[in-house]
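Below is one structure, written out as structure tokens, with a few remarks after it.
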Amino acid sequence: FKYACEKKVSDFNDLKLLNLFKNCVVKIDVAQNIVVLKTLGGNGNSAGVMVDKLNLEEIVGSVAGDDTVIIVTKTNDDALFVKNELEKLL
């Protein structure tokens with residue numbers, strides 16, 4: 001037998017997180033291979049959780065602060081792709 005923890009997140013919680021993302025993101029910019037999310041004060045971490053939940057292979061990593069999320073991608077084109085995916089959520 002093989003035991004594993006099933007990763008379950010309720011649709012209700014995902015919907016709440018998506019609504020929070022829509023309401024807190026103020027601006028999305030790209031600087032070469034970096035995507036910068038500006039949020040309302042105190043919401044950078046919440047927006048960062050949504051970024052992580054996307055599980056996009058183009059994202060190398062992200063760092064969330066008080067009102068900013070920095071997303072590092074592999075290439076400049078990947079950054080544009082990630083920006084477009086994030087804008088679809090808004």
Side-chain angles (χ1 to χ4, degrees):
F1 290 97
K2 184 176 182 179
Y3 294 94
C5 293
E6 187 176 339
K7 191 175 183 181
K8 276 191 165 182
V9 178
S10 73
D11 292 337
F12 179 72
N13 285 338
D14 286 347
L15 183 59
K16 288 178 80 171
L17 185 60
L18 179 59
N19 285 333
L20 179 62
F21 184 84
K22 288 179 181 182
N23 289 316
C24 76
V25 173
V26 175
K27 186 176 181 182
I28 304 174
D29 279 326
V30 171
Q32 295 187 6
N33 69 318
I34 297 172
V35 181
V36 179
L37 284 179
K38 292 300 287 180
T39 70
L40 298 173
N43 288 285
N45 197 15
S46 299
V49 171
M50 190 68 209
V51 169
D52 289 344
K53 282 184 151 297
L54 293 175
N55 290 322
L56 296 176
E57 65 182 33
E58 293 82 5
I59 296 176
V60 175
S62 62
V63 178
D66 182 61
D67 64 352
T68 306
V69 181
I70 304 293
I71 304 164
V72 180
T73 62
K74 296 175 184 173
T75 67
N76 296 356
D77 289 336
D78 287 345
L80 293 172
F81 174 79
V82 170
K83 179 185 180 206
N84 289 334
E85 291 299 305
L86 293 171
E87 287 175 336
K88 289 178 188 176
L89 299 176
L90 298 178

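We number each residue from 1, following the sequence as shown. Just so we're clear, the structure is a prediction, and the values are computed from it rather than from any experiment.
Between Asn33 and Thr73, some side-chain heavy-atom pair lies under the 4.5 Å cut-off. Counting heavy atoms from C-beta outward, Phe21 and Asn43 have side chains that stay 4.5 Å or more apart. Leu86 has its side chain within reach of Leu54: a pair of non-hydrogen atoms, C-beta onward, lies under 4.5 Å apart. Side-chain contact between Val49 and Leu20 is absent, with no heavy-atom pair separated by less than 4.5 Å.
Of the inter-residue distances, the one linking Leu89 atom CG with Asn19 atom CG reads 11.0 Å to the nearest 0.5 angstrom. One distance of note links CZ of Phe81 with CD of Glu57; it measures 8.0 Å at 0.5 Å rounding. Put simply, OG on Ser46 and CG on Leu40 are 10.5 Å apart, with the number rounded to the nearest 0.5 Å. To the nearest 0.5 Å, atoms CG (Asp14) and CE (Met50) are separated by 7.0 Å. How far NZ of Lys38 is from CG of Asp29: 9.5 Å, rounded to the nearest 0.5 Å. Remark: Ile28 CD1 to Thr39 OG1 distance equals 11.0 Å, nearest 0.5 Å.
Hydrophobic clustering (ILVMFWY, side-chain heavy atoms < 4.5 Å, transitive): Leu37 and Val72 are in distinct clusters. The cluster map of Ile, Leu, Val, Met, Phe, Trp and Tyr, joined by side-chain heavy atoms under 4.5 Å apart, puts Leu80 and Val82 in the same cluster. Tracing side-chain contacts under 4.5 Å through hydrophobic residues (I, L, V, M, F, W, Y), one reaches Leu17 starting from Leu90; they form part of the same cluster. Cluster membership check: Val63 does not share its hydrophobic cluster with Val26, using side-chain heavy-atom separations under 4.5 Å among Ile, Leu, Val, Met, Phe, Trp and Tyr. Side-chain heavy atoms closer than 4.5 Å link hydrophobic residues (I, L, V, M, F, W, Y) into clusters, and following such links, possibly through other members, connects Ile71 to Leu56.
Surrounding CD of Glu87 are more than 12 heavy atoms belonging to other residues, nucleotides or ligands, all under 6.0 Å away.
Remark: the Asp78 side chain and the Thr75 side chain contain an N/O donor-acceptor pair separated by less than 3.5 Å.
Pairing each heavy atom of Val69 with each of Gly44, the nearest pair is CG2-O, 3.2 Å.
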